[in-house]
Amino acid sequence: MSKAREAKAAKIRQLMETEGDAVNTGTSGFNQGRYESVQTLDDYDGLKSEARAVKEDAIERLPELIDELRETVEENGGTLYIADDAADANRYIREVCEDKDAERVVKSKSMTSEEIEVNEALEHAGTEVIETDLGEWVLQVADEAPSHIVAPAIHKSRDAIADLFNETFEPDEPLETAEELTMFAREQLGELIEDADVGMTGANFITADTGTIALVTSEGNARKTAVVPDTHVAVAGVEKIIPTVEDLQPFVELIGKSGTGQDITSYISLLTPPVESPTVNFDDPDIPITDGETDREYHLVLIDNGRMAMRDDDQLRETLYCIRCSACSNVCANFQHVGGHAFGGETYSGGIGTGWEAGVEGLDSAAEFNDLCTGCSRCTTACPVEIDIPWINTVVRDRVNRGDVSEVDWLVEGLTPDEEPGGVSFQKRFFGNFETAAKVGSFFAPVSNWVAQSSVSRTLMERFLGIDARRELPAFQRETLVEWFDARGSRVQNPTRTAVLYPDVYTNHVQVERGKSAVRALEALDVEVVVPDVRSSGRAPLSQGMIATAEDHAHDVYAGLAEYIDAGHDIVVIEPSDLAMFRGEYEKFLPEQSFERIADSSYEVMEYVFGLLENGADADALSVVDGDEVAYHSHCQQRTLGLEGYTEAVLSDLGFDVATSDVECCGMAGSFGYKSEYYELSMDVGSELKSQFQTDDTRDRTVVASGTSCLEQLDSLLSRPTQHPVQLVAPSR
């Protein structure tokens, strides 16, 4: 393993050991809470679409909304300042504090203030800065960075926080319980807020029509921070502006449910800062607050720091729709096991963190953690504003790939079967061109399998390609599915319809038996089958950020299938990630009509079998059993597409007793699990699935899974064989 890969693996290993359990407990709880909370909404998907429409409109009209907001704030007696970058913002905030002779600034939680590192700027100028959010204060005391957008100290257990407080503050009685820790923090922070000269908050949303800032928090200290000092500085990115107060409605409904699983967040504060409002006089509590001074200052600092350039970037623009709810982090299996200190950059973490870091910090920061996104797509359904987060990660990966050039790029480009420049790493280029490797492997099988498994080959592959030597390699079959079918031909005399079985790379070259089973199952239901010789879908290169190559594949696949679609035939796909390409990513690669044709004509194999049975096909023609027990795991993209229920229904209807895994990720994620720097993380994620399939109820069941990666991982995790569901239902011959 190279030094760089070993260093990354060591960091991931260390974080799994020290922070992983706490992060997993927190994020998994948030994620489960989201599932339960959104069930209370009458129209969850409609609400998400409404929220997205508001953000789309706001970002489209951002310059005019900024002008409207400036006028509104100034009419209220406040000041609006647009900061070009972090240095500009910090200079302005520092000058505000200097004008007030401020000795102490108290802050509520704000990722934007983390982005500009305002604490450091103010402290360097001699002003004390105190975080008032409990999690942020814990990290300030510990001198650590946040590891989560919403719950910054999620990586710290209660015991760790107790040890930190007891060691730092030496209270009269040791602090132990969560209540004791919270009460101690409340007392400490209350005194610090009372004596502060300036209060600084972020803003979850800002309405252009009234100048209202919305603060969504789990604690009340944000309100105190805003109103107790007589000077309030609100810091936010320009993307936080929305047109009207009424537009807040879908976000109020969604942000708590999406982020922490709460039906509504503990505190939703709407502050429309009229400068002429009374201040708090703690020195004379007997005087009514309404009789106090009304000399307040309000400064709204809106930060560009790359955002307007992101607005003009068609591929990164969607990042600006983000409402910082953290749903993409909570649902992500890799994040659940390592947290934001690995799955994050200078400021932002999780799935959407790549877009933010690329936009405000640059590609180098984004590149540090971008590959931890496996493109599983679960975050797309979790996101309350329907951001295509995997695509943003893929775009950034593509740009990172193109950032490194060398003098021999022309030679590399000429010798490789893809559309990428020479800067792409050997590892990514190998996995992105796996179709070529599979063709060579099948052509020379079984010799190729013997050579690949030799100790010399495994050492070389680990050193130069980063393929972990602990991972079992696929065994290529000499006779591909396409060759087998060409020699065999169709065996249906009076077909009811014709289906084109798409030969994905693994089904065609490795898992040929599942392809044969699919043919037999469809034929048993009176479907004429065609198995064309068609290129791979492009999923492999897309996963490596090789967008141009993936697009080239998409056009070739459509060209190879168009004649069958013209004839009204159905496209049946065994591998869910390929179906997700046809129904999803191809929209970005093909003309609209072409995309709609292939998307509307394509079906997952068990979805298709279910449809045939529902429409009168004879179930007795399949492998009908009486109570055979199976343990079933569905594929990530299969769940995103909402298709896992079809497999369960078919198996149940045919007499199988099905126990379905509720673990969301097997951990393999295509090439991810092969890479040496991620192998241990892959296996750690997979351990949850392993445990679920080793209970008293499941340990003796036949294990089935719908995805290639899932099957490979389960083979590594368990001591019993696995198979695709279609192999269970197909007639033996």
**Q** With the threshold set at 4.0 Å, does a side-chain nitrogen-carboxylate oxygen contact exist between E114 and K109?
**A**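 Salt bridge between E114 and K109, a charged N being under 4.0 Å from a carboxylate O: no.
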
**Q** Please walk me through it: do L643 and L579 pass side chain to side chain contact (heavy atoms under 4.5 Å, CB included)?
**A** CA-CA 11 Å; L643 303 178; L579 181 67; 3.5 Å; yes

**Q** Between R471 and S682, what is the shortest heavy-atom contact and its length?
**A**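 Looking at all heavy atoms of both residues, the closest pair is NH2-OG, 3.2 Å.
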
**Q** Does the ring centre of F426 sit less than 6.0 Å away from the ring centre of F464?
**A**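 No, ring centres 6.0 Å or more apart.
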
**Q** Might you point out which heavy atoms bring F430 and A437 nearest each other, and give the distance in Å?
**A**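 For F430 versus A437, the nearest heavy atoms are CE1-CB, 4.1 Å.
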
**Q** Give a yes or no on whether a salt bridge exists between R639 and E644, defined as a side-chain N under 4.0 angstrom from a carboxylate O.
**A**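 Judged by the 4.0 Å cut-off on N to carboxylate O distance, R639 and E644 do not form a salt bridge.
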
**Q** Could you tell me if the ring centre of F434 sits under 6.0 Å from that of Y506?
**A**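 Aromatic pair counts; centres sit under 6.0 Å.
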
**Q** If you draw a 6.0 Å radius around CG in D314, do more than 12 non-hydrogen atoms from other residues or ligands fall strictly inside?
**A**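 Counting neighbours around CG of D314, 12 or fewer heavy atoms of other residues, nucleotides or ligands fall under 6.0 Å, so no.
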
**Q** Is R535 salt-bridged to E435, going by a charged N under 4.0 Å from an acidic O?
**A**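 Yes, this pair counts.
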
**Q** Any side-chain donor paired with an acceptor under 3.5 Å for N401 and K428?
**A**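 Yes, because at least one side-chain N or O of N401 sits under 3.5 Å from a partner of the opposite role on K428.
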
**Q** So I392 and E318, do their side chains get closer than 4.5 Å, heavy atoms only?
**A**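 E318 vs I392: side chains touch.
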
**Q** Going by the rule salt bridge (Lys or Arg N to Asp or Glu O under 4.0 Å), which residues pair with E680 if we only count those two or more places apart in sequence or in a different chain?
**A**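 For E680, the residues satisfying salt bridge (Lys or Arg N to Asp or Glu O under 4.0 Å) (neighbours in sequence not counted) are R13.
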
**Q** Which pair of heavy atoms, one from R311 and one from P63, lies closest together, and at what distance?
**A**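 Closest approach of R311 to P63, heavy atoms only: NH2-CD, 3.4 Å.
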
**Q** Quick test of your reading of the model: are E585 and R539 salt-bridged, counting only N-O distances below 4.0 Å?
**A**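 R539 and E585: salt-bridged.
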
**Q** Using ring pair (Phe, Tyr, Trp, His ring centres under 6.0 Å) as the criterion, list what pairs up with Y674, not counting sequence neighbours.
**A**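 Partners of Y674 by the ring pair (Phe, Tyr, Trp, His ring centres under 6.0 Å) criterion come out as none, since no residue qualifies.
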
**Q** Is R61 paired with E56 through a side-chain N to carboxylate O contact shorter than 4.0 Å?
**A**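 No, this pair does not count.
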
